[in-house]
Structure formats: C-alpha cells, structure tokens
Number of protein chains: 2
Amino acid sequence: MAADPLSRVFAALADPTRRDMVARLTLADATVNELAAPYDISLQAVSKHVRVLEDAGLVTRSREAQRRPVHLEAEVFDLMTKWLERYRRAAEERYRRLDDVLGSMPEDDVPPTPPAGGARP
Amino acid sequence: MAADPLSRVFAALADPTRRDMVARLTLADATVNELAAPYDISLQAVSKHVRVLEDAGLVTRSREAQRRPVHLEAEVFDLMTKWLERYRRAAEERYRRLDDVLGSMPEDDVPPTPPAGGARP
DNA sequence: CTCGTCCTCAACCAAAGGGTTGACAATGCG
DNA sequence: CGCATTGTCAACCCTTTGGTTGAGGACGAG
C-alpha cells in the first residue's frame with residue numbers, strides 16, 4: 001500500500017464510488033448499510049471502500065451497538081487544499097511568465113517561492 | 001482506464017513520482033530525458049508516467065526537433081481546487097455542527113444520523 | 001440462550017498499474 | 001547517406017485493486 005499520506009488520499013479519491021460516498025458523507029454520517037444502498041455491489045465491497053477512505057484519513061468510524069457510523073474528517077481536505085493551491089498558483093504564474101518572455105531566458109530568472117509561499121519541493 | 005476526468009486526475013496524482021514530476025514542471029518545462037534524470041527507472045517507465053499525466057490533462061507535449069517538451073497545464077488544478085473546496089467547506093461545516101452537539105452532551109448520548117436512512121437525493 | 005442484524009475477515013479472481021527489456025519511428029548532424 | 005539522439009510501442013511480469021462468495025464475530029431484542 002502507498003506509504004505516504006498524500007498518495008493514499010489521492011488514490012482513495014480516484015474512485016468515483018468513493019468520491020460519491022464522500023459527497024454523501026458531507027451531508028450526514030452514515031452506516032455501511034446506508035452507504036451501500038445506492039450501489040449495486042456487495043456490502044463487503046462497500047466495507048472495503050470505507051476502509052480505503054479510513055486508511056487515507058478521510059473518514060473515521062466509531063462503534064455504536066452493531067452499527068459502525070462513518071464520519072467524514074475535514075482535516076485531510078485542508079492538507080490537499082494546501083498541496084493543490086501551491087501547485088496551482090505556481091502553474092499559473094509560470095504560464096504568465098512564459099507568455100511574457102517566450103523562451104528567451106532560462107531559469108536563472110526563476111524567483112524563489114513567490115508571495116505567501118514557504119514549502120520546499 | 002478511468003472514464004471520468006476527475007478520477008484520472010486523482011489517479012495520476014496518486015503516484016509520488018508523478019507528483020514529483022509535476023512539482024518540477026512548475027519550475028520549467030522539461031523533456032522526458034530531463035524528467036527521467038533523478039529517478040532510478042527506465043526511460044520508458046518515465047514516458048508512461050508522462051502519458052498518464054497527459055491523459056489526465058495535467059500536462060501537454062509539443063514537438064521540437066526530436067525533443068518532446070512537457071508543459072504543465074494550470075487549468076486542471078482549477079478544476080480540482082473547485083471540487084476540493086466544495087467538500088472541504090462542507091466537511092468543516094458539518095464538523096462544526098457535530099462539535100456543537102458533542103459539546104453539549106455526553107458522548108454515549110450522541111443522537112446519530114437521522115434514523116431510518118435519509119439516503120441521498 | 002437463541003435469533004436476527006450489521007459488519008468484517010478470508011480466499012479467490014480478473015483487470016489494471018508500474019516496472020522491465022527489446023525493437024523501432026522521428027529527427028538533426030557528420 | 002549513415003548514424004546518434006530522443007522518445008514511443010509492444011510484450012511480458014508482478015503486485016495491487018475492486019469485485020465476488022462464504023464464514024463468522026459482535027451486539028441487541030425476545
């Protein structure tokens with residue numbers, strides 16, 4: 001299994017079924033059975049999906065009688081947002097610069113992380 | 001291969017090597033050979049990685065003599081950001097609400113999900 | 001205690017993914 | 001032209017993954 005957290009998160013969200021589950025979990029916690037309802041797959045398959053989400057830190061499960069309510073965690077979204085935002089901004093910036101210079105200057109010219117940067121590649 | 005764009009993007013970014021490539025491409029375009037340099041894998045493997053990124057719409061390739069410079073595209077990042085932001089906010093909102101409830105009553109008394117599944121629209 | 005409910009564990013299978021090696025297309029240069 | 005450089009295509013190998021079925025654990029209700 002992927003070692004680093006970010007890989008696990010991205011991999012978890014690479015599946016449409018799991019993304020749908022996440023979408024529904026933003027509305028309310030749900031049991032595995034409730035989660036399974038809309039899909040045409042076995043309960044066990046759904047259980048596996050939930051586990052993947054759990055391993056990625058996207059959800060947590062508690063115990064409540066025989067039920068195992070699944071709860072969406074917000075933190076990981078922040079993590080992803082930070083990651084994404086960084087590259088999104090960089091890509092846009094580069095796009096602008098390239099447009100400006102159009103291949104006359106090499107990367108001497110590349111500035112350190114621009115405004116509000118602060119992480120290392 | 002995953003049909004929907006979002007799945008492709010997430011899947012593409014689920015690999016650390018590919019994320020690293022993306023990181024480096026925010027600094028400058030690069031050829032496949034240049035991209036391959038840091039890694040201890042075959043050129044063909046790198047070529048495959050680039051293709052995955054391309055299929056996901058994260059990069060484009062042009063022709064320039066025998067070289068095929070790889071260029072990072074910013075648009076897809078916007079797409080992802082929008083998707084993410086939506087769920088991040090929803091999750092936070094829900095978190096706050098739950099926090100509120102938890103704050104006012106003992107844990108084993110938590111009124112869980114609306115009974116009788118209010119499954120999804 | 002027994003039963004039904006809810007869920008997980010285990011074994012298995014087909015397909016996809018990341019890696020390899022080997023052949024070869026495309027282009028510039030001597 | 002012949003050849004080196006750059007990159008892709010193709011076939012193959014494992015491992016992972018999403019799915020299945022079957023067995024069974026945990027718990028509440030009777």
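In what follows, chains are A, B, ... by sequence order, proteins preceding strands, each numbered from 1.
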Taking side chain as C-beta onward, heavy atoms only, is V46(B) less than 4.5 Å from M21(B)? yes

Would you sort out whether L13(B) and M80(B) count as a side-chain contact (heavy atoms from CB on, under 4.5 Å), showing the intermediate values? CA-CA 11 Å; L13(B) 293 176; M80(B) 286 187 79; 3.6 Å; yes

Going hydrophobic residue to hydrophobic residue with side-chain gaps under 4.5 angstrom, can you get from L84(A) over to L53(B)? yes

Close side-chain approach of R63(B) to R68(B), heavy-atom, < 4.5 Å: yes

Atom CZ of F10(B) to atom C1' of dA16(C): distance rounded to whole Å? 20 Å

Picking from R18(B), R61(B), R8(B), what satisfies salt bridge (Lys or Arg N to Asp or Glu O under 4.0 Å) with E54(B)? R61(B)

Are any of N33(B)'s side-chain N or O atoms less than 4.0 Å away from OP1 or OP2 of dT5(D)? no

Whole Å only: how far is the CZ atom of R68(B) from the C1' atom of dA25(C)? 12 Å

From CZ of R51(A) across to C1' of dT17(D) the rounded distance in Å is 14 Å

Using the 3.5 Å cut-off, write out each protein N or O paired with an N or O of nucleotides 24-30 of chain D and the distance between them.
none

Integer-rounded Å distance: dT8(D) C1' and R67(B) CZ: 16 Å

What is the separation between atom OH on Y39(A) and atom P on dG19(D), rounded to the nearest whole Å? 11 Å

Nearest-angstrom distance from the residue atom CG of L35(A) to P of dC6(C): 14 Å

Salt-bridge test for D78(A) and K82(A): reply yes if a basic N is under 4.0 Å from a carboxylate O, no otherwise. no

Which atom pairs link the protein and nucleotides 19-23 of chain C when you take only N or O atoms and keep those under 3.5 Å?
residue	atom	partner	partner atom	Å
dG19(C)	OP2	H49(B)	NE2	2.2
dG19(C)	N7	K48(B)	NZ	3.1
dG19(C)	O6	K48(B)	NZ	2.4
dT20(C)	OP2	S42(B)	N	2.8
dT20(C)	OP2	S42(B)	OG	2.9
dG22(C)	O6	Q44(B)	NE2	2.6

Any T31(A) side-chain N or O less than 4.0 Å from OP1/OP2 of dC6(C): no

What's the CD-P distance between E64(B) and dG7(D), to the nearest Å? 10 Å

Using the test side chain to side chain contact (heavy atoms under 4.5 Å, CB included), find all partners of A14(B) that sit at least two apart in sequence or belong to another chain. F10(A), A11(A)

Pairwise side-chain contact, F77(B) with V22(B), heavy-atom cut-off 4.5 Å (strictly under): yes

Residues D4(A) and R19(B) bridged, charged N to O under 4.0 Å: yes

